[in-house]
Amino acid sequence: MGFLIVAVAVVLIFVYNNIIDTKNILSEVNPFLKKIMEKDYEFLLRVKYGDVDLDVNALFSRRIRDGILVALVLIFLLLIMGNFNYMFALFAILAGFLVFKSGYTKLKAFNKARLKNMDTMLPYYLKSLEILVQHYTVPVALSRSIDTAPEIFRPGLRKLVAKIDEGDSSIQPYIDFANEYPVRDSMRMMRLLYRLGLGSNQDKHEQIMMFSRTVSTLQNKAREQKYAERLESMEKRTMLMLFVTGGGVLVVLFLSMTFMMGI
């Protein structure tokens with residue numbers, strides 16, 4: 001037991017003082033790391049950090065290093081307290097695994113919140129774009145909408161307008177925008193917007209009316225979803241309050257009965 005405590009302590013000290021280079025160790029086993037890397041890990045990193053240069057392997061290796069260090073620290077503490085056994089060892093490994101996975105779960109939570117925000121904001125952006133389309137061509141309306149658009153859509157709008165300005169008159173820039181913001185009905189709305197840009201002045205009014213009706217439908221869906229989420233949140237809070245109140249009453253009754261029986 002004493003030998004294990006000393007061995008774990010020495011390893012932790014060496015890692016802390018960079019005598020053992022964990023980066024080199026992890027880089028040597030890089031082919032094996034790629035096999036356990038989540039398939040969408042790189043995509044989620046790009047979503048959070050954008051187009052900046054990212055060393056995906058280094059970030060993934062850091063997650064593994066943190067998980068191993070947490071497991072070693074817990075094992076070391078358990079050895080010192082003299083409570084080390086197979087169950088506690090399993091607990092330490094599980095804690096290390098949870099720390100390793102936390103980096104991935106945080107990225108997924110960020111992406112989920114981002115998609116929810118986009119899903120909520122898109123109908124309102126399209127409504128403001130509808131007003132601009134009534135007075136300008138679609139490319140000009142898109143360009144003018146950038147400054148007043150929600151912050152989350154501005155990078156994609158700049159790319160969309162830049163491709164159109166470069167002479168790309170196909171539907172692909174609109175498709176790329178929809179793929180960058182894969183929320184409800186974004187693909188359909190971008191196709192409608194593209195067709196609106198191709199329409200002649202004679203049928204533009206009719207197309208704008210169809211676009212307007214579709215945007216209004218999306219706004220109604222967004223409101224209904226928002227109200228449903230508020231109602232669900234209130235129901236959860238009510239249930240939690242009932243459980244806490246009921247649990248508190250049971251605890252008080254139990255303590256009262258125990259006290260009376262003790263008397």
Side-chain angles (χ1 to χ4, degrees), residues 38-54 56 104 107-201 203-226 228-229:
E38 297 87 356
K39 293 181 180 180
D40 57 345
Y41 180 62
E42 183 173 357
F43 167 75
L44 294 174
L45 285 174
R46 300 294 176 189
V47 167
K48 183 171 184 178
Y49 298 107
D51 296 329
V52 299
D53 293 333
L54 289 173
V56 179
Y104 176 69
L107 289 175
K108 291 201 71 173
F110 175 84
N111 186 50
K112 183 178 180 180
R114 174 177 175 268
L115 289 174
K116 183 177 179 180
N117 185 32
M118 289 189 301
D119 200 18
T120 303
M121 298 302 297
L122 183 62
Y124 298 98
Y125 164 69
L126 292 173
K127 191 64 178 179
S128 64
L129 184 63
E130 172 199 334
I131 298 173
L132 291 173
V133 168
Q134 295 177 8
H135 303 284
Y136 305 99
T137 62
V138 170
V140 174
L142 288 169
S143 179
R144 286 178 172 269
S145 71
I146 293 177
D147 293 335
T148 57
E151 183 67 30
I152 195 170
F153 294 129
R154 291 180 188 177
L157 287 172
R158 292 190 183 100
K159 294 177 186 177
L160 172 60
V161 172
K163 291 176 182 178
I164 295 175
D165 290 342
E166 289 172 0
D168 190 347
S169 59
S170 68
I171 195 175
Q172 193 58 45
Y174 299 86
I175 298 297
D176 292 340
F177 179 88
N179 289 331
E180 187 172 354
Y181 301 97
V183 293
R184 178 182 54 195
D185 295 317
S186 61
M187 185 68 71
R188 180 164 66 96
M189 296 308 299
M190 287 300 106
R191 292 182 183 275
L192 283 175
L193 199 60
Y194 173 71
R195 288 198 293 269
L196 180 59
L198 294 178
S200 62
N201 291 330
D203 57 356
K204 182 178 180 179
H205 177 71
E206 182 179 349
Q207 290 182 343
I208 289 177
M209 292 299 296
M210 182 176 66
F211 185 80
S212 176
R213 286 193 296 268
T214 307
V215 171
S216 297
T217 301
L218 290 181
Q219 283 185 311
N220 292 332
K221 289 181 180 179
R223 292 193 194 98
E224 291 174 359
Q225 182 178 357
K226 187 176 181 179
E229 290 175 353

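- Between H135 and V140, the closest side-chain pair of non-hydrogen atoms is not below 4.5 Å.
- K127 pairs by the side chain to side chain contact (heavy atoms under 4.5 Å, CB included) definition with E130, S212, V215, S216, Q219, not counting sequence neighbours.
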(request) Please step through side-chain contact (heavy atoms from CB on, under 4.5 Å) for the pair T214 and R188, ending with a clear verdict. (result) CA-CA 10 Å; T214 307; R188 180 164 66 96; 3.3 Å; yes
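- A 4.5 Å side-chain heavy-atom check between F43 and L107 finds every atom pair outside the cut-off.
- Annotation: cation-pi geometry satisfied between R144 and Y136 (NZ/CZ under 6.0 angstrom from ring centroid, within 45° of ring axis).
- Distance check: I131 CD1 to L126 CG gives 11.5 Å after rounding to the nearest 0.5 Å.
- For the pair R191/I175, a side-chain contact is recorded, criterion being any heavy-atom separation below 4.5 Å from C-beta on.
- Under the 4.0 Å criterion applied to side-chain N and carboxylate O atoms, K159 and D176 are not assigned as salt-bridge partners.
- Closest approach of E180 to G156, counting heavy atoms only: OE1-CA, 3.7 Å.
- With rounding to the nearest 0.5 angstrom, the NZ atom of K163 is 12.5 Å from the CG atom of D165.
- Every residue meeting the salt bridge (charged side-chain N to carboxylate O under 4.0 Å, His left out) condition with E151, not counting sequence neighbours, appears here in chain and number order: R154.
- By the side chain to side chain contact (heavy atoms under 4.5 Å, CB included) test, P139 pairs with T137, I164, sequence neighbours left out.
- Put simply, CZ on F177 and CG on L142 are 8.5 Å apart, with the number rounded to the nearest 0.5 Å.
- Annotation: side chain of F110 is in contact with side chain of V47 (closest heavy-atom distance under 4.5 Å).
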(message) Is there a side-chain hydrogen bond (donor to acceptor under 3.5 Å, both in side chains) between D168 and Q172? Walk through the geometry before answering.
(response) CA-CA 8 Å; D168 190 347; Q172 193 58 45; over 6 Å; no
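- Side-chain atoms of L129 and V138, non-hydrogen and from C-beta on, never get closer than 4.5 Å to each other.
- Counting all heavy atoms, side chain and backbone alike, S145 lies closest to L157 at OG-CD1, 4.3 Å.
- Summarising the geometry, atom CG belonging to L45 is positioned 11.0 Å from atom CG belonging to N111; distances are rounded to the nearest 0.5 Å.
- Between the side chain of Y194 and the backbone N or O of S170, no donor-acceptor pair lies under 3.5 Å.
- K108 is not listed as a side-chain neighbour of K112, based on a closest heavy-atom distance of 4.5 Å or more.
- Distance alone, capped at 3.5 Å, places no donor-acceptor pair between the Y125 side chain and the F153 backbone.
- Rounding to the nearest 0.5 angstrom, the gap separating the CG atom in L192 from the OH atom in Y174 is 12.0 Å.
- Looking at S186, its side chain does come within 3.5 Å of a backbone N or O of Y181 through a donor-acceptor pair.
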